[in-house]
Enquirer: 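Questions regarding the structure given below will be posed in turn.
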Amino acid sequence: MNTPLTPKIDVRPAGKRYATKIDWLDSKHSFSFGSHQYRSNTHHGLLLVNNDDVVHPGTGFDTHPHRDMEIVTWVLQGSLVHQDSTGHSGVIYPGLAQRMSAGTGILHSEKNDSWRLSGDQHSDPVHFVQMWVVPDESGITPGYEQLEIDNELLAGGLVTVASGMSKHHDDAAIRIKNKHAALYAARLQPGQSVRLPEAPFLHLFVARGAVTLEGSGALGTGDAVRFTATGGQRLTATESAEILVWEMHATLA
């Protein structure tokens, strides 16, 4: 018999995140990652990684492996070049959702050097959020999907970015290999509101801007909230804002 979940709203300020800062990368980690390993902060629901990365021009992550993970990348500013061992390559930019299923194993790189494809060199950093959730089953065939959803975001409400849930079968969203998880995004102008989903586990990340969360108060860039056995709160932008919300109906043991 499953133990009932205790309703909880856990606000995680931006300044409390773990940080990795080297000459080419400024990264903030919501959960244990890399050299920052803490048993008390490994995941929330099915979400293991929520990295807020800024990569300098001409640099990036060299080819490296992944396995048995659904990896969703959401670019906030600039452009990120993806290349992987399944033959996929391209440029990810704001409004273009991307998912990579690592499955039995995949190699990929992520670089801020789009001029190598377009010929127009730039000096701008790329700012993106990368999120990892576990798949329903291990050992699946590696895969890749991307989808332009910029027009949907103009409406100002929550837009399904990625989902494995049956209720989103007809949505214009990329598919992830977990039937218990979905990612939403919203771009909000001052005064615009959205209502959060209700689920056993939610994760809200304020990617940029400022909002007010019903019952919890003001949140700013980089702040996150972990909801357990709750949801349905109204969130209102107090300045232009972009948010990312994971709805999850399962958790890791």
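None of the values given here were measured: they were computed from a predicted structure.
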Enquirer: Hey, can you tell me if His44 and His203 have their rings parallel, tilted or perpendicular (30° and 60° cut-offs)?
Expert: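 Correct class here is tilted.
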Enquirer: Identify the heavy atoms of Phe205 and Ala224 that sit nearest to each other, and give their distance.
Expert: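 Taking every non-hydrogen atom into account, CD1-CB, 4.2 Å.
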Enquirer: Under 3.5 Å, is there a donor-acceptor pair linking the side chains of Thr20 and Ser27?
Expert: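 No - no donor-acceptor pair under 3.5 Å links their side chains.
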Enquirer: Between His36 and Phe31, does the ring centroid distance fall short of 6.0 Å?
Expert: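 Here the rings of Phe31 and His36 have centres that are no less than 6.0 Å from each other.
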Enquirer: Check the hydrophobic clustering (I, L, V, M, F, W, Y; side-chain heavy atoms under 4.5 Å; chains of links allowed) and say if Leu158 and Leu47 are grouped together.
Expert: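 Hydrophobic grouping puts Leu158 apart from Leu47.
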Enquirer: Looking only at non-hydrogen atoms, find the nearest pair between Tyr184 and Pro197 and report the distance.
Expert: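 So the two residues come closest at CE1-CG, 3.9 Å.
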Enquirer: Quick check: Tyr18 with His29 (ring centres under 6.0 Å apart)?
Expert: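 Judged by ring-centre distance (under 6.0 Å), His29 and Tyr18 do not meet the cut-off.
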Enquirer: Could you go through Gln189 and Ser240, starting from their C-alpha distance and side-chain angles, then the distance that decides it, and tell me whether this counts as side chain to side chain donor-acceptor pair (under 3.5 Å)?
Expert: CA-CA 5 Å; Gln189 297 305 311; Ser240 296; 3.2 Å; yes
Enquirer: Under a 4.5 Å cut-off applied to non-hydrogen side-chain atoms, are Thr63 and Ser109 in contact?
Expert: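 When only atoms from C-beta onward are counted, Ser109 and Thr63 do touch, with a gap below 4.5 Å.
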Enquirer: Quick one, Ile140 with Glu70, criterion side-chain contact (heavy atoms from CB on, under 4.5 Å). Give me CA distance, side-chain angles, the key distance, then yes/no.
Expert: CA-CA 11 Å; Ile140 64 175; Glu70 297 292 289; 3.9 Å; yes
Enquirer: Of the non-hydrogen atoms in Ile176 and Arg99, which two are nearest, and what is the gap between them?
Expert: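 Heavy atoms only, the tightest pair is CG2-CG, 3.7 Å.
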Enquirer: With Arg12, which residues qualify under salt bridge (charged side-chain N to carboxylate O under 4.0 Å, His left out), at least two apart?
Expert: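 If we apply the salt bridge (charged side-chain N to carboxylate O under 4.0 Å, His left out) test to Arg12, skipping adjacent residues, the hits are Asp10.
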Enquirer: Measuring centre to centre across the rings, with the benzene-like ring taken for any Trp, is Phe227 within less than 6.0 Å of Trp246?
Expert: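 No, ring centres 6.0 Å or more apart.
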Enquirer: Establish whether Leu147 and Val133 are linked, either directly or via other cluster members, by ILVMFWY side-chain heavy-atom contacts under 4.5 Å.
Expert: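 Yes; tracing contacts between hydrophobic side chains, which count when under 4.5 Å, links both residues.
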Enquirer: Please find the pair of heavy atoms, one from Gly156 and one from Ala186, that lie closest to each other, and give the distance.
Expert: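 Closest heavy-atom pair between Gly156 and Ala186: O-CB, 4.2 Å.
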Enquirer: For the pair Asp62 and Lys111, find out whether any cationic side-chain nitrogen is under 4.0 Å from an anionic carboxylate oxygen.
Expert: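 A salt bridge links Asp62 with Lys111.
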Enquirer: Parallel under 30°, tilted from 30 to 60°, perpendicular over 60°: which one fits the rings of Trp132 and His66?
Expert: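 Rings of Trp132 and His66: perpendicular, as their planes differ by over 60°.
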Enquirer: For a side chain to side chain donor-acceptor pair (under 3.5 Å) check, start with the C-alpha distance between Tyr93 and Gln77, then their side-chain angles and the critical distance, and finish with the verdict.
Expert: CA-CA 7 Å; Tyr93 49 83; Gln77 180 182 9; over 6 Å; no
Enquirer: Could you tell me whether Asp23 and Lys21 make a salt bridge, using a distance below 4.0 angstrom between a side-chain N and a carboxylate O?
Expert: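 Salt bridge absent between Asp23 and Lys21.
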Enquirer: Under 3.5 Å, sequence neighbours excluded: what are the donor-acceptor pairs made by side chains of residues 212-220?
Expert:
residue	atom	partner	partner atom	Å
Glu214	OE1	Arg234	N	2.8

Enquirer: Where do Met69 and Leu48 come nearest, in terms of heavy atoms and distance?
Expert: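 In this case the closest contact between Met69 and Leu48 is CE-CD2, 4.4 Å.
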Enquirer: Less than 6.0 angstrom separating the ring centers of His64 and His108, yes or no?
Expert: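 Ring-ring flag for His64/His108: true, centres closer than 6.0 Å.
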Enquirer: Strictly below 4.0 Å, N to O, side chains only: are Lys167 and Glu247 in salt-bridge contact?
Expert: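 Here Lys167 pairs with Glu247 in a salt bridge, since their nearest N and O are under 4.0 Å apart.
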Enquirer: Do Leu76 and Arg208 have side chains that approach each other closer than 4.5 Å (heavy atoms only, starting at C-beta)?
Expert: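 They are in side-chain contact.
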Enquirer: Checking Gln83 against Glu110: is there a side-chain donor and acceptor pair closer than 3.5 Å?
Expert: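 Judged by distance alone, the side chains do not pair up.
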Enquirer: Hydrophobic clustering (ILVMFWY, side-chain heavy atoms < 4.5 Å, transitive) - are Val91 and Leu80 grouped together?
Expert: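 In one cluster: no.
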Enquirer: In a check of side-chain contact (heavy atoms from CB on, under 4.5 Å) between Met131 and each of Thr73, Leu183, Asn51, Val161, which one passes?
Expert: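 Single pass found, and it is Leu183.
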Enquirer: With sequence neighbours left out, what residues match Asp52 under side chain to side chain donor-acceptor pair (under 3.5 Å)?
Expert: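 Arg17, His127.
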Enquirer: Any side-chain heavy atom of Leu46 sitting closer than 4.5 Å to one from Asn178?
Expert: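 Touching, per the 4.5 Å side-chain cut-off.
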Enquirer: Could you pull out the closest heavy-atom pair between Gly95 and Trp74, with the gap in Å?
Expert: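 Heavy atoms of Gly95 and Trp74 come nearest at CA-CH2, 4.1 Å.
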